[in-house]
Amino acid sequence: MMKEQNIKYLMLFAFALLFTSCGKDYLDVEPKGTTLEENFYQNADDALSGLIAVYDQVGGVSGGYINKFTATLAASDDHFAGGGNATDVNNLQVWSNYTLDPATGPQDDLWARGFSGIFRANVLISKLPDIDMDEDLKTRYMAEVKFLRAYFYFDLVRFFENIPLFENPLSADEIYSVTQANPADVYNLIVQDLSDAIAGLPNTVPAATEGGRATAGAARALLGKVYLQQLNYTKAAEQFEMVNGTPGAVSQYGYSLLANYADLWDFENKQNAECIFSINHTGKANWGDWGCIACSEGNWLNTMSGPRNYNRLNSSAPDYFSGWSFFVITPQLESAMNGDPRYSATIANIQALEDAGLVTYEKGYMNTGFFIQKFLPLQSDVNVGGVDFGNFDQNLYDIRLADTYLMEAEALVMSGSNQSRAQALLDAVRSRVGLPSVAVSMDAIKFERRMELAGEGQRWFDLVRWGDAPAALAFKGFVAGKHEVLPIPLLELENTKLEQNIEYGGTK
């Protein structure tokens, strides 16, 4: 993968295309080093390699073990950063306790990955029209890369608010004159890209060979999320309704809720009927090592989430793989979930196992005894090869159907329209786990999203969108009017026209 750390260096390197795919199960591409951009993009194979390079930036972690999922878990009220001590992966710790500043935090990694994806996407978008290849295939590739550009921009504008907007590759002499765009302009491009993508993407893809690639349903779901973020509830509901179809039935895109909630977390149950867009991982093609953590194809969340030095004393205890005790579950979430049917698939009470004499484990930093069951691998899940601890192949849901059901219900309640459909959507999610109907309301939807999606990286974004972050995160040090956004990385401000966010002492 590309290791550029900021915009200036990303653009100076232009597009150093590496033929790797971060968890792309649907392709087997051997690493072949780098190819100069001007000599590339001659045929359909080159276009596919360029597309893989864009997808490459969706998954994986940086060398500092940071991606969207690890960072937002640490930042939410449902988890502490955890780990071995108060400075273990310090850039996660400072977001977890809200002491981050422009010099320290997850912002460098999140910014670099997002803009690396955008730069790669812009190069491919500029080259595709002139490539001699099948026109239908070209249309699909253009739709996929526009979906991905929108995906990256959506994360960046949510994290930083004030970001540059690039629609085309930049020349070296343009690097230092870049300025930040009005966030409304960023959202306009995102909406346009996703609208274009919907028209060119297939409704479904063969899971065994292309699972993880963008579909029209994924683009509509992401567009619905964009509208919801903008509080445009009517348009959000329209997109989600096309994704969701009749609550509890199979949608036009083939999506349906799995009958058994726990099956969502089966390592082998990839690209299932509830999956709309996922981050794919594999343990079969690892080129990473301890000198290049970001080169691994595996899911690092599995290792990071596990209890430290876990030792099974009795065969009746789960045979968990020992991890690093990050993202331990807060007592607040455990208490809220107590009695919920999803508890056992969500929370592993390792302390209770030790108290019963079945296991021992090392108490990590901020230990609560509660760990994310959804991502705890068993010894039998270990793959051979690659980095010792980074080779688990569990996929991560970025968008799944229960998520879009609840987002549509939110949009309907907030717009005051079709409350009977909102009720049916909420009921479908609860019925799947054997819970009775409750009257639909924003409070009910907020609670259901917390229970349904715990540990999946959605909570922090939800709290900020709802305006609930100051109250929910006060115990961790969250400051209203400041911590809703991240600081612009300091390296981005050197010799450029970019300005620091006003929340962190800047002028933007």
Side-chain angles (χ1 to χ4, degrees), residues 51 54-55 57-59 67-69 72 110 113-114 117-118 120-121 125 140-159 163 165 167 183-205 210-245 251-255 271 274-280 395-411 449 453 456-458 460-462 464-465:
L51 182 60
V54 185
Y55 272 107
Q57 294 303 292
V58 174
N67 63 19
K68 176 172 67 174
F69 294 90
T72 56
L110 296 173
R113 178 171 291 276
I118 287 166
R120 295 182 184 202
I125 288 169
R140 180 185 176 185
Y141 286 4
M142 183 65 82
E144 284 187 84
V145 74
K146 285 193 172 183
F147 168 88
L148 292 168
R149 184 169 69 175
Y151 178 92
F152 295 126
Y153 267 127
F154 185 47
D155 282 345
L156 286 166
V157 75
R158 286 190 294 172
F159 280 134
I163 60 173
L165 181 63
E167 298 184 54
D185 293 333
V186 178
Y187 276 109
N188 287 340
L189 179 65
I190 293 170
V191 169
Q192 185 60 59
D193 273 353
L194 291 174
S195 299
D196 292 345
I198 290 167
L201 288 170
N203 283 352
T204 61
V205 296
E210 296 186 9
R213 294 179 72 167
T215 62
R220 282 202 187 278
L222 185 55
L223 183 55
K225 290 185 68 169
V226 170
Y227 284 136
L228 191 65
Q229 184 71 21
Q230 294 179 293
L231 310 184
N232 190 334
Y233 300 117
T234 299
K235 287 188 175 181
E238 289 172 354
Q239 296 300 322
F240 288 135
E241 182 173 3
M242 285 185 275
V243 172
N244 296 333
S251 78
Q252 65 171 323
Y253 297 111
Y255 305 134
Q271 309 306 327
E274 193 164 335
C275 177
I276 295 176
F277 188 66
S278 65
I279 311 303
N280 286 10
N395 289 354
L396 293 174
Y397 299 105
D398 200 298
I399 312 174
R400 61 180 177 90
L401 192 61
D403 180 16
T404 57
Y405 272 24
L406 294 172
M407 285 190 287
E408 184 186 349
E410 177 181 341
R449 283 188 66 79
L453 302 168
E456 298 180 47
Q458 303 294 339
W460 186 82
F461 291 117
D462 283 348
V464 172
R465 182 178 74 254

Residue pair E274 / Y397, side-chain donor-acceptor N/O under 3.5 Å: no

Among side-chain atoms of Q192 and D196, is any donor-acceptor pair under 3.5 angstrom? yes

Quick one: do L231 and Y233 satisfy side chain to side chain contact (heavy atoms under 4.5 Å, CB included)? Show the steps, please. CA-CA 5 Å; L231 310 184; Y233 300 117; 3.3 Å; yes

Using the salt bridge (charged side-chain N to carboxylate O under 4.0 Å, His left out) definition, which of the options K68, R449, R400 pairs with E456? R400

R113 side-chain N/O to Q57 backbone N/O, donor-acceptor pair under 3.5 Å: yes

Do I399 and V243 come close enough that some side-chain heavy atom pair is under 4.5 Å? no

If every non-hydrogen atom of A214 is compared with every non-hydrogen atom of E144, which pair is closest and at what distance? N-OE1, 4.1 Å

Note: A216 and Y253 closest approach over all heavy atoms is CB-CE2, 3.9 Å

Grab the two heavy atoms, one from S195 and one from L223, that are nearest each other, plus how far apart they are. OG-CD2, 4.3 Å

Under a 3.5 Å threshold, yes or no: a donor from one side chain and an acceptor from the other, between D193 and Y153? no

Side chain to side chain, R465 and E410, heavy atoms closer than 4.5 Å: yes

Step by step, work out the side chain to side chain contact (heavy atoms under 4.5 Å, CB included) result for I190 and V157. CA-CA 10 Å; I190 293 170; V157 75; 4.3 Å; yes

Looking at side-chain heavy atoms only, is the closest gap between R213 and L51 below 4.5 Å? yes

With a 4.5 Å limit on heavy-atom distance, are the side chains of N203 and T215 in contact? no

Tell me whether R220 contacts the main-chain N or O of E241 through its side chain, where contact means a donor paired with an acceptor under 3.5 Å. no

What do you reckon, are the aromatic ring centroids of Y187 and Y227 less than 6.0 Å apart? no

Is any side-chain heavy atom of I198 closer than 4.5 Å to one of M242? no

Heavy-atom closest pair, residues A219 and L201: CB-CD1, 3.9 Å

Under 3.5 Å, is there a donor-acceptor pair between the side chain of Q271 and the main chain of F277? no

Would you check if the side chain of N280 reaches a backbone N or O of G211 as a donor-acceptor pair within less than 3.5 Å? yes

Indicate yes or no: at least one non-hydrogen side-chain atom of R149 is less than 4.5 angstrom from one of L189. yes

Can any side-chain N or O of N244 pair as donor or acceptor with the backbone N or O of F240 at less than 3.5 Å? yes

Are the side chains of D155 and L110 in contact, using a 4.5 Å heavy-atom criterion? no

Could you check whether any side-chain heavy atom of I279 comes within less than 4.5 Å of a side-chain heavy atom of N67, counting everything from C-beta outward? no

